[in-house]
Amino acid sequence: MATEFLLAAKPFLSSSSTPSSLSSLTNTPVLLSRAQQKKCNAERPLTLCKTLSDESLPATSSPVIITKRSLSFSFLTSFVFSLASRGNSSANAAILEADDDEELLEKVKRDRKKRLEKQGVISSANQEKGYLQDLVYRLSKVGQAIDKNDLSTASSVLGGSTDTDWVQKANIAFTKLSSSPDEKTQVDTFNSSLASLISSVTGNDIESSKTAFVSSANAFEKWTALTGLVGQLKGL
């Protein structure tokens, strides 16, 4: 039956395929685009077919499209990270500040404890304060004598050496009431200056006596300020 259908259709195709109909089909460019014509027409110059490469550009060469939404998202993300970084910095700073405050508080407590202990020692050291009061009296007398160039009176008050009784007693008080390195340094400075003072007065050297006296008096005043004895000794 299929054979009969093809045989019946052949005359129809032969009769309908006239030259005029063929020319009308060949002259109708509606079904082919300009690009396809360039691609399929082998008789055209090769330069015209260059447009084929334009039709198949790689995906990576397409431009990046930036929208307002993407910009807003990027800005928001940066802002959030910035806030998080600031928050971490503030938290770390707060922790460090709290540590510093705690250390400062502990230092204040230690200093207060030491001060109370020192006040207790000073309050019970009546004998030692008596030794120091005698030292203040002697220094006052020596200063007045040196100011008048009366080195003989100064020598009688001081004694001939640092082995005198009043110097030994003064050092007993220094030892008991000195606790910090600064206090002990001032004690050493005083004893060294006092030895120079006694030597200068004994040698009748007025200028050296004045210098040594000032050094001795300054060292003793600094020591009393460090130990808290300024208000407990008369004549300072």
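Residues W223 and F174 place their aromatic rings such that the two centres sit under 6.0 Å apart.
Side chain of T185 to backbone of P181: a donor-acceptor contact under 3.5 angstrom is found. No donor-acceptor distance shorter than 3.5 angstrom exists from the side chain of E106 to the backbone of E102, with no hydrogens or angles considered. A donor-acceptor pair under 3.5 Å links the side-chain atoms of N171 to the main chain of V167, judged by distance alone. Judged purely by atom type and a 3.5 angstrom limit, T211 uses its side chain to pair as donor or acceptor with the backbone of E207. Judged by distance alone, with hydrogens and angles left aside, the side-chain atoms of S193 form no donor-acceptor pair with the main-chain N or O of F190 at under 3.5 Å. For the pair E183 (side chain) and S180 (backbone), a donor-acceptor distance under 3.5 Å is present. Distance alone, capped at 3.5 Å, is enough to place a donor-acceptor pair between the T227 side chain and the T224 backbone.
With values rounded to the nearest 0.5 angstrom, S192 atom OG is found 11.5 Å from L197 atom CG. The line from NZ of K107 to CG of L105 is 12.0 Å long, rounded to the nearest 0.5 Å. We find the CG-CD1 distance between D163 and I198 to be 9.0 Å, quoted to the nearest 0.5 Å. Atoms NZ and OG1, from K148 and T153 in turn, are 8.5 Å apart once rounded to the nearest 0.5 Å. Going from atom NZ of K176 over to atom OH of Y131 covers 10.0 Å, rounded to the nearest 0.5 Å. The structure places CG of L229 at 7.5 Å from CZ of F220, a figure rounded to the nearest 0.5 Å.
Here the closest heavy-atom approach between residue V157 and residue R138 is recorded as O-NH1, 2.7 Å. A154 approaches V142 most closely through the heavy-atom pair O-CG2, 4.0 Å. A pairwise comparison of heavy atoms in E128 and A173 identifies O-CB, 3.5 Å as the closest pair. What you find for L135 and A170 is that their closest heavy atoms are CD1-CB, 3.4 Å. The shortest non-hydrogen separation linking V187 to S178 is CG2-OG, 3.6 Å.
When the shell of 6.0 Å around NZ of K129 is examined, it contains more than 12 heavy atoms from other residues, nucleotides or ligands.
Of the options L151, T202, L194, a side chain to side chain contact (heavy atoms under 4.5 Å, CB included) to L158 is made by L194 and by none of the others.
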Trace of the side-chain contact (heavy atoms from CB on, under 4.5 Å) decision for K210 with V214: CA-CA 6 Å; K210 290 180 179 180; V214 171; 5.6 Å; no
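With hydrogens and angles left out, the side-chain atoms of S209 and S200 include no donor and acceptor closer than 3.5 Å. Side chains of N218 and S216: no donor on one and acceptor on the other come within 3.5 Å. Inspection of the Q133 and K234 side chains reveals no N or O donor paired with an N or O acceptor under 3.5 Å.
At a threshold of 4.5 Å between side-chain heavy atoms, the hydrophobic network of Ile, Leu, Val, Met, Phe, Trp and Tyr places L177 and W166 in one connected group. Under the 4.5 Å side-chain heavy-atom criterion for grouping Ile, Leu, Val, Met, Phe, Trp and Tyr, I206 is connected to V201 within one hydrophobic cluster. Note on L233 and L139: same hydrophobic cluster, where clusters join Ile, Leu, Val, Met, Phe, Trp and Tyr whose side-chain heavy atoms are under 4.5 Å apart, directly or indirectly.
You'll find the side chain of T162 stays beyond 4.5 Å of the side chain of N191, heavy atoms only.
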